[in-house]
There are 2 protein chains.
Amino acid sequence: MTLGRFTPETTRLDDAARAGWLYYVAGNTQDEIARKLGVSRQSAQRLVSLAMSEKLVKVRIDHPIAACMDLSSGLIERFGLRFCEVVPSDPDAPDLLTGVAIAAATELEHRLKLPEPQIIALGTGRALKACVEQLPRMSCPQHRIVSLLGNMMADGSATPYNATIRMADRVGAQHYPYPLPVLARDCEELRLLQGQEAVRHTLELCGRADLTLVGIGQMGRSAPLYVDGFISDAEMDILEAAGATGEITSWIYDAQGLKIDTDFNSRVASAPLPEASERDVIAVAVGQVKVPAIRAALAGNLINGLVTNETTAILLLG
Amino acid sequence: MTLGRFTPETTRLDDAARAGWLYYVAGNTQDEIARKLGVSRQSAQRLVSLAMSEKLVKVRIDHPIAACMDLSSGLIERFGLRFCEVVPSDPDAPDLLTGVAIAAATELEHRLKLPEPQIIALGTGRALKACVEQLPRMSCPQHRIVSLLGNMMADGSATPYNATIRMADRVGAQHYPYPLPVLARDCEELRLLQGQEAVRHTLELCGRADLTLVGIGQMGRSAPLYVDGFISDAEMDILEAAGATGEITSWIYDAQGLKIDTDFNSRVASAPLPEASERDVIAVAVGQVKVPAIRAALAGNLINGLVTNETTAILLLG
DNA sequence: TTGCTGAGCGAACATTTGCCCATGCGTTAA
DNA sequence: TTAACGCATGGGCAAATGTTCGCTCAGCAA
């Protein structure tokens, strides 16, 4: 029974979903769909591809591919992980996020289906955003989604990689955005900001999250923190000289996975890195360029779960 | 690092899964997959279709419409329907007629656009009236609209739910109101009335209608027949004791969809229940309170098409 | 009214996919 | 040893799908 609004956009997406269903679920040809929906063949095609591009169509492969299983058990053993999922790589697109996003979303969905209330803490970044986009719509008012860090860029605008709001919207859970910018101006300001009641509450939630899902950032000129303007050229040089190897929720760590002692880290407003020994902390990360950062995070037990792909897994074990 | 078994079957399914992944997740063409897996294009195609036939590939559509399509194919299969349309429900107004009305009107419109002359027979009721109101104005002089029953209330006044006149007016078709009251005083009078030439002609039209569109009435104190004063308190008790479960064009049937043998049915002046095996007979019905009546109509093959909403469909399949 | 613009449509064309069939290779039974 | 059989393979073709391009039409400003 249709609700009040009959915007063209709504009906168009409805039709797209219908066409997608008829195509992918019912196995109709586009000609048949065209006939059933009373449109031309081309329009049916457009609807089907709209369903695709709007990500209404979710495909997953339900088979443990032996090579990936080997890699994941290798990673679990080598780094003492609780959870590890390795998905196939496309040799021509080894950094494609879709595969890991689907795998991580499947794990998330699994957690969300639990009747017991869960606290799920999220970082930011392309990888997490891709994960959240793979989540189906559901209704989980018993859970809480909390952000581990703010998403304000240097100029005051918001980064487009905020996963929390989108996820809470999709799964119908209560959510807690992180009420601070990514970086404070200095330690003094940071202490001031963290004194706020709302901040303390959010931090407390982050601390007892049942599942923490984060991305991993590399250093260098391709670093997310550099690209998004949180780290200047000069500062990046200093950081790399100090051994900076990777970053999780903006906390920069060295090759041993230890938080390095720099001005930058002293201004990071994010929630503290979670204690990965007690809670589930799963990272989603893919790509050759991230390998040192991932390896360091594994070495330092910053995480105890990993979702990655075949090529990255091979490099991590190599 | 090897797993236990490496039967040809296992590796073949592995390859199928990989091919399916490259195809559906990474979006490669079968040529690319062939190159990447080092097999011929045809073999790649076989792997992809194997992944499909082995159901390694799970597709789902993430849109409310998808749930409706699942429900409608469920209803078609369970009850052997020719036609079924399930529209989304508004959780806050599960009995709202607008949605089903639009859906049924769309189907009607589809029929009306046929160049071949159609006979369309209509029942009465709120649902049908709502359908007709959703019809656009058009000009279809080639078709004929005929009423399946009268709309005279006990006191001689007309019920407000007459759909035929309004529809004929909207679509510019010839129309045939039903020239009798809903109920005769007794069998004798009924026989007399049905002897009239006009009545016989109308009945004949009803009998060969290409499409029959009806509502479904529940029993009990909320029954349309009770509310509109066609059934008294005492009679309703008798009917329910006799197993009355629902009603289509005033013909009352039991839980198996069989017309029950009572005084009431012997006085019903409506056209006979259509032979749903030969013609299209579509019911429009929504609401928890109507579920037993709809289920009985489906069980007894009184109808072979259904337009309903999500919540009702779930109850019917539950 | 006229002209502009952008969305949507469908014809035509290019690409991809699905399927049948002839071929060849290995295996088995006579 | 050889004929027969099973079966994976790739050629080739028809169907299905994706894309481009020019057209129309509604909406809108001059």
Side-chain angles (χ1 to χ4, degrees), chain A residues 5-61 63 65-66 88 90-93 96 98-99, chain B residues 5-61 63 65-66 69 102 106 109-110 113-115 136-139:
Chain A
R5 299 178 312 137
F6 273 105
T7 69
E9 205 46 40
T10 309
T11 34
R12 192 164 169 73
L13 274 188
D14 275 13
D15 284 346
R18 245 198 188 75
W21 191 93
L22 289 168
Y23 190 68
Y24 290 104
V25 180
N28 287 273
T29 81
Q30 299 186 353
D31 268 315
E32 293 171 311
I33 296 170
R35 195 162 35 72
K36 288 176 189 177
L37 297 187
V39 299
S40 72
R41 212 260 308 160
Q42 289 89 335
S43 299
Q45 199 276 327
R46 281 178 191 117
L47 287 175
V48 171
S49 70
L50 180 67
M52 264 312 219
S53 63
E54 291 295 322
K55 302 196 196 296
L56 301 181
V57 180
K58 305 276 166 71
V59 183
R60 69 176 180 198
I61 307 293
H63 181 79
I65 295 180
D90 180 346
D92 291 345
L96 186 72
T98 321
Chain B
R5 301 171 311 140
F6 268 109
T7 69
E9 204 46 37
T10 308
T11 37
R12 191 166 168 72
L13 276 187
D14 266 20
D15 284 346
R18 194 173 283 272
W21 191 91
L22 288 167
Y23 190 69
Y24 289 104
V25 179
N28 286 272
T29 78
Q30 298 184 352
D31 268 316
E32 293 171 312
I33 296 170
R35 192 164 41 70
K36 288 171 189 175
L37 297 187
V39 298
S40 73
R41 211 264 304 164
Q42 289 85 339
S43 300
Q45 199 273 328
R46 280 178 192 115
L47 286 175
V48 172
S49 71
L50 180 67
M52 264 315 220
S53 61
E54 292 294 324
K55 302 199 193 301
L56 302 183
V57 180
K58 302 273 170 64
V59 182
R60 68 179 174 196
I61 309 290
H63 193 280
I65 290 293
M69 305 207 57
I102 291 170
T106 305
E109 197 184 330
H110 183 68
K113 280 194 179 143
L114 294 175
R137 294 197 176 279
M138 41 202 303
S139 174

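Chain identifiers are assigned alphabetically (A, B, ...) following the order of the sequence lines, protein sequences preceding nucleic acid strands; residue numbering begins at 1 within each chain. Basis for what follows: all heavy atoms, side chains included, without hydrogens, waters or symmetry-related copies. None of the values given here were measured: they were computed from a predicted structure.
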(message) On the nucleotide dC9(C), are OP1 or OP2 found under 4.0 Å from the side-chain N or O atoms that S40(A) carries?
(response) no
(message) Test your reading of the model: is there a side-chain donor-acceptor pair from D90(A) to the backbone of A26(B), 3.5 Å cut-off?
(response) no
(message) Keeping E32(A) on the side-chain end and T29(A) on the backbone end, is there a donor-acceptor pair under 3.5 Å?
(response) yes
(request) Any chance you could measure E54(A), atom CD, to S49(A), atom OG, to the nearest 0.5 Å? (result) 10.0 Å
(message) Within this structure, what is the CD-CG distance for the pair Q45(A) and L50(A), rounded to the nearest 0.5 Å?
(response) 10.5 Å
(request) Considering only NZ, NE, NH1 and NH2 on the basic side and carboxylate oxygens on the acidic side, decide whether D92(A) and R35(B) come within less than 4.0 Å. (result) yes
(request) Please list, in 5' to 3' order, the outermost nucleotides of DNA chain D lying under 4.0 Å from any heavy atom of chain B. (result) dT9(D) to dG12(D)
(message) For the helix from dT1(C)-dA30(D) to dA30(C)-dT1(D), what angle separates the axis at the start from the axis at the finish, each from five pairs, in steps of 10°?
(response) 10°
(message) For the backbone of L22(A) and the side chain of N28(A), can you confirm whether one donor and one acceptor N or O come within less than 3.5 Å of each other?
(response) yes
(message) Does the protein touch nucleotides 15-21 of chain C at the base, only the backbone, or not at all? Give it as B, S and - per nucleotide, heavy atoms under 4.0 Å.
(response) -SBBBB-
(request) Look up atom CZ in R18(B) and atom CD1 in I61(A), then write down how far apart they are to the nearest 0.5 Å. (result) 11.5 Å
(request) Indicate the atoms forming the closest heavy-atom contact of L13(B) with L56(B), along with that distance. (result) O-CD1, 3.9 Å
(message) To the nearest 0.5 Å, what is the distance between CH2 on W21(A) and CD1 on I65(B)?
(response) 11.5 Å
(message) When you measure from the side chain of S43(B) to the backbone of V39(B), do you find a donor-acceptor pair of N or O atoms at a distance under 3.5 Å?
(response) no
